[in-house]
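These numbers come from a predicted model, not from an experiment. No hydrogens, no waters, no symmetry mates; every other heavy atom, side chains included, goes into these values.
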Amino acid sequence: MSSRILAIKASDYILIASFVSSAEKVNGEGFLTLGDVIASKFHLAFSFGRAVRSFKEGRNIARSIENEVICNILGDRQVERALRIAKANKPHFFLLLIGKDLEETIRRYVDFCRRKRLRIEDWPERPDLDLLEKAAIEVY
C-alpha cells in the first residue's frame with residue numbers, strides 16, 4: 001500500500017499533496033484545490049520540479065509558484081486558461097500546499113484537513129497511465 005500523502009522537496013520549496021473528499025467547498029488560505037488533472041504522483045513531482053526550476057532561472061510564466069505548478073501540471077502556458085481547467089468542482093479533488101519550511105507546511109496541511117473535516121483518500125488508480133509512465137521513465 002502506498003502513502004496517501006505525498007511530500008516533495010525541490011530546491012527550497014516543499015509540496016504536500018493528497019487526494020481528498022469533502023462534503024463542503026474548500027478554498028483559500030494558500031491551498032490549491034485541483035480537479036482530476038494529475039495523472040500520477042510522478043506527474044505531480046515532475047511538474048513541481050519544473051515549476052521551481054523555472055522560478056529559480058527567471059523563466060516563470062506565472063507570478064506565483066502555485067500558478068506555475070498548475071501551468072506545468074496541465075502543460076499550458078496560458079495561466080488563466082490553466083486555472084479554469086484545473087478548477088475542482090467535485091467532492092473528490094487534489095489538495096496541495098507549497099511552503100518553504102517542512103514542519104510548518106506539514107502542520108498547516110494537517111490542521112487544515114482537520115478543521116475542514118477532509119477525508120484523505122487513496123490516489124486514483126490509472127493502470128494504463130502507470131504502464132505509460134514506467135515506459136517513459138525507462139526511456140528517459
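- Atom NZ of Lys9 has more than 12 neighbouring heavy atoms from other residues, nucleotides or ligands inside a 6.0 Å radius.
- Distance check: Leu34 CG to Lys87 NZ gives 12.5 Å after rounding to the nearest 0.5 Å.
- Evaluation of the side chain to side chain donor-acceptor pair (under 3.5 Å) rule for Arg84 yields no partner, not counting sequence neighbours.
- Atom CZ of residue Arg63 and atom CZ of residue Phe55 lie 10.5 Å apart, to the nearest 0.5 angstrom.
- Counting heavy-atom neighbours within 6.0 Å of Arg59 CZ, excluding the residue itself, gives a total above 12.
- Counted within 6.0 Å of CZ on Arg107, heavy atoms from surrounding residues, nucleotides or ligands total more than 12; the atom is thus considered enclosed.
- Of all heavy-atom pairs spanning Ala45 and Ile8, the tightest one is CA-CD1, 3.5 Å.
- At a cut-off of 3.5 Å, with distance as the only test, no side-chain donor of Lys116 or Ser22 sits close to an acceptor on the other residue.
- Contact detail for Leu74 and Ala82: the closest heavy-atom pair is CD1-O, 3.2 Å.
- Atom OG of residue Ser47 and atom CD1 of residue Ile38 lie 8.0 Å apart, to the nearest 0.5 angstrom.
- In this view, Glu80 satisfies the side-chain contact (heavy atoms from CB on, under 4.5 Å) rule with no residue, not counting sequence neighbours.
- Open room surrounds CZ on Arg50; 12 or fewer heavy atoms of other groups in view lie less than 6.0 Å from it.
- Phe19 and Asp122 make their closest contact through CD2-O, 3.5 Å (heavy atoms, listed as atom of the first residue, atom of the second, distance).
- The CD atom of Glu66 sits 8.5 Å away from atom OH of Tyr13, with the distance rounded to the nearest 0.5 Å.
- Taking the side chain to side chain donor-acceptor pair (under 3.5 Å) definition, one finds that Arg115 meets it with Glu29, sequence neighbours left out.
- Looking at Tyr109, its side chain does come within 3.5 Å of a backbone N or O of Ser18 through a donor-acceptor pair.
- For Asn67, the side-chain contact (heavy atoms from CB on, under 4.5 Å) partners are Ala62, Ser64, Ile70, Val79, Leu83, not counting sequence neighbours.
- Here the CD1 atom belonging to Ile14 is positioned 8.0 Å from the CD1 atom belonging to Ile106, to the nearest 0.5 angstrom.
- Considering CD1 of Ile16 and CZ of Phe31, their distance stands at 10.0 Å, rounded to 0.5 Å.
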Side-chain donor-acceptor contacts of residues 91-103 below 3.5 Å, not counting sequence neighbours, with atom names and distances?
from	atom 1	to	atom 2	distance (Å)
Lys100	NZ	Asp12	OD2	3.4
Asp101	OD2	Glu104	N	2.8

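- With sequence neighbours excluded, the residues satisfying side chain to side chain donor-acceptor pair (under 3.5 Å) with Asp76 are Arg81.
- With a 4.5 Å cut-off on side-chain heavy atoms, Phe48 and Leu6 do not count as touching.
- A donor-acceptor contact shorter than 3.5 Å links the side chain of Glu68 to the backbone of Ile61.
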